[in-house]
Amino acid sequence: MTLLPYIKRNPLYEKEKLYSSDLYVCVRDLRVQPPEAFDLNVHGFCILKSKTGLKLEYTLYKSGEVGGAYCTEVEAVSYDTFPEYIQIETMNFIVINRYERYPKGDSIPVSHEQAAAIPHSDFSLFWSVRRPFIGPNNDWSLGLCDWTSITEGGICDNDDLHRDKVTENTLLHANPNHRWYYISDQTPEDVIVFRITDTTGPRASGFHCAFHNPISASECRKNVEVRVVAIR
């Protein structure tokens, strides 16, 4: 059981901006499900098994040197897994290295990106491909909401304001029927793929967030993410 911040329902928000509230949510372990139980086009995410040549010291401190080779690796796995797509292009290579005091809002610079801890789906990319490069790991795991448990009207648009940029995303209203999942003891071979948006219209999307795992004794999570455009 963990706490996730949701958007509270209120008629006032038809005229004003929203605010979020933390609610207890049960997050199920994908380890007890067969990998084929989740489909990108139905649930908004799927799980792949794939080896990688990423090494800690190069990924953390020389990401510019290894990013290109890793993106090629991701494209090859994606073509094998999703043959219906005629073109798959990786957009960027991101290293997420959790700051030890995350998610506290300390006003100090950090060397790498930090995970988002509010359930959301972005507008800026099509797929996200994520894995840890140290494992097994349970620290601030990636939670994924099953698209089939999200009801009509349960999603709202949001302006995401930062000091140096303004973006948009979509957030979730609370719903006790939401089914959340994560991978326990995630290793570098456990790859999560989830859809963010689709140019053909509404399709199964991967609402996601990092969440605190109260039973974790793992070191600070170190993830890599590649954002992908896939063309049918």
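What you are looking at is a predicted structure, and each value in this text was computed from that prediction instead of being measured.
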Trainee: Is any side-chain heavy atom of I215 closer than 4.5 Å to a side-chain heavy atom of N213?
Mentor: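 They are in contact (side-chain heavy atoms under 4.5 Å apart), so the answer is yes.
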Trainee: Carefully, step by step, assess L171 and N169 under the rule side chain to side chain contact (heavy atoms under 4.5 Å, CB included).
Mentor: CA-CA 7 Å; L171 306 178; N169 58 20; 3.8 Å; yes
Trainee: Can you hop from Y79 to F82 via hydrophobic side chains spaced under 4.5 Å?
Mentor: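 They do share one cluster, since a chain of ILVMFWY contacts under 4.5 Å joins Y79 to F82.
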Trainee: Once you round to the nearest 0.5 Å, how far does NZ of K222 lie from CG of L54?
Mentor: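 Here the interatomic distance stands at 14.0 Å.
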Trainee: Has the side chain of N138 got a donor or acceptor atom that lies under 3.5 Å from a matching backbone atom of D185?
Mentor: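 Yes.
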Trainee: Heavy atoms only: give me the nearest N97-Q114 pair and the separation to one decimal.
Mentor: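 Closest heavy-atom pair between N97 and Q114: O-NE2, 2.8 Å.
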Trainee: Distance from N41 atom CG to C46 atom SG, nearest 0.5 Å?
Mentor: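 Reported value, rounded in 0.5 Å steps: 8.5 Å.
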Trainee: Roughly how far apart are S121 OG and I155 CD1, rounded to 0.5 Å?
Mentor: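 Answer for the OG-CD1 pair, S121 versus I155, is 7.5 Å.
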Trainee: Please confirm whether the backbone N or O of H212 pairs with a side-chain atom of S216, one donor and one acceptor, at under 3.5 Å?
Mentor: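 Side chain of S216 to backbone of H212: no pair is present.
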Trainee: If you apply the rule side chain to side chain contact (heavy atoms under 4.5 Å, CB included), what do you find for E113 with V95, and how did you get there?
Mentor: CA-CA 7 Å; E113 286 204 24; V95 177; over 6 Å; no
Trainee: State which residue, out of W140, Y24, W180, Y182, fulfils the ring-ring contact (aromatic ring centres under 6.0 Å, His included) condition with F211.
Mentor: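 It is Y182; the other options fail the test.
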Trainee: So do the side chains of C209 and I118 get within less than 4.5 Å of each other, counting heavy atoms only?
Mentor: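 In short, these two side chains do not touch, never coming nearer than 4.5 Å.
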Trainee: Would you mind checking if D146 and R179 are paired as a salt bridge, meaning a charged N to carboxylate O distance below 4.0 Å?
Mentor: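 Yes, this pair counts.
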Trainee: Indicate, with yes or no, if I96 and F93 share a hydrophobic cluster defined by side-chain heavy-atom contacts under 4.5 Å among Ile, Leu, Val, Met, Phe, Trp and Tyr.
Mentor: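 Cluster IDs for F93 and I96 differ.
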Trainee: Are the side chain of Q186 and the backbone N or O of D190 linked by a donor-acceptor pair below 3.5 Å?
Mentor: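 Present.
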Trainee: Taking atom CG of L144 and atom CG of L30, what is their separation to the nearest 0.5 Å?
Mentor: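 Spacing of CG (L144) from CG (L30) equals 7.0 Å.
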Trainee: So, for G135 and P188, which heavy atoms are closest and what is the spacing to 0.1 Å?
Mentor: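 In terms of heavy atoms, the two residues are closest at N-CD, 4.0 Å.
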Trainee: Given the rule that I, L, V, M, F, W and Y join up when any side-chain heavy atoms are under 4.5 Å apart, are L23 and F207 in one cluster?
Mentor: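 In one cluster: yes.
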Trainee: Consider side-chain contact (heavy atoms from CB on, under 4.5 Å). Of T52, L48, L142, N223, which one does R131 pass it with?
Mentor: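 Filter result, single survivor: T52.
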Trainee: Are side-chain heavy atoms of T151 and N177 found at a separation under 4.5 Å?
Mentor: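 No, side chains not in contact.
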Trainee: Give, for atom CD1 of I134 and atom CG of D139, the distance between the pair rounded to the nearest 0.5 Å.
Mentor: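 Rounded to the nearest 0.5 Å, the CD1-CG separation comes to 11.0 Å.
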Trainee: Are side-chain heavy atoms of N137 and E219 found at a separation under 4.5 Å?
Mentor: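 Contact flag for N137/E219 side chains = yes.
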Trainee: Between L172 and H178, is the side chain to side chain contact (heavy atoms under 4.5 Å, CB included) condition met? List the steps.
Mentor: CA-CA 10 Å; L172 288 176; H178 284 167; 4.0 Å; yes
Trainee: Of all heavy-atom pairs between C156 and H173, which one has the smallest distance, and what is that distance?
Mentor: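 So the two residues come closest at CB-NE2, 4.0 Å.
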Trainee: Between F38, W127, F194, which is the residue that forms a ring-ring contact (aromatic ring centres under 6.0 Å, His included) with F45?
Mentor: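 Filter result, single survivor: F38.
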Trainee: Kindly give the heavy-atom pair with the smallest separation between G44 and A204, and that separation in Å.
Mentor: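 Here G44 and A204 meet closest at N-CB, 3.6 Å.
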Trainee: Output the distance between atom CD (Q87) and atom OG (S78), rounded to the nearest 0.5 Å.
Mentor: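 Reported value, rounded in 0.5 Å steps: 13.0 Å.
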Trainee: Is the backbone N or O of N92 less than 3.5 Å from a side-chain atom of T90, with the two atoms forming a donor-acceptor pair by type?
Mentor: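 Judged by distance alone, no pair lies under 3.5 Å.
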Trainee: Closest approach of R31 and S184, non-hydrogen atoms and distance?
Mentor: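 For R31 versus S184, the nearest heavy atoms are NE-O, 2.8 Å.
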Trainee: Would I94 and Y99 show up in the same hydrophobic cluster when neighbours are defined by side-chain heavy atoms closer than 4.5 Å?
Mentor: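 In one cluster with I94: Y99, no.
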Trainee: Judged by atom type as modelled, is there a donor-acceptor pair below 3.5 Å linking the side chain of E225 to the main-chain atoms of V129?
Mentor: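 Judged by distance alone, no pair lies under 3.5 Å.
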Trainee: Could you please spell out the steps behind the side chain to side chain contact (heavy atoms under 4.5 Å, CB included) verdict for Y181 and D29?
Mentor: CA-CA 6 Å; Y181 294 92; D29 189 358; over 6 Å; no
Trainee: Is there side-chain contact between C145 and I150, with heavy atoms separated by less than 4.5 Å?
Mentor: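 Yes, close enough: below the 4.5 Å cut-off.
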Trainee: With a 4.5 Å cut-off on side-chain heavy atoms, are R221 and S141 touching?
Mentor: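 SC-SC contact between S141 and R221 confirmed.
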Trainee: Is there a chain of hydrophobic side chains (I, L, V, M, F, W, Y, each step under 4.5 Å between heavy atoms) that links I231 to F126?
Mentor: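 I231 and F126: one cluster.
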Trainee: Count the heavy atoms belonging to other residues, nucleotides or ligands that lie under 6.0 Å from NZ of K51, then report whether that count exceeds 12.
Mentor: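 Count not over threshold, so no.
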Trainee: Can you give me the closest heavy-atom contact between H208 and G206, atom names plus distance?
Mentor: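 Looking at all heavy atoms of both residues, the closest pair is ND1-O, 2.8 Å.
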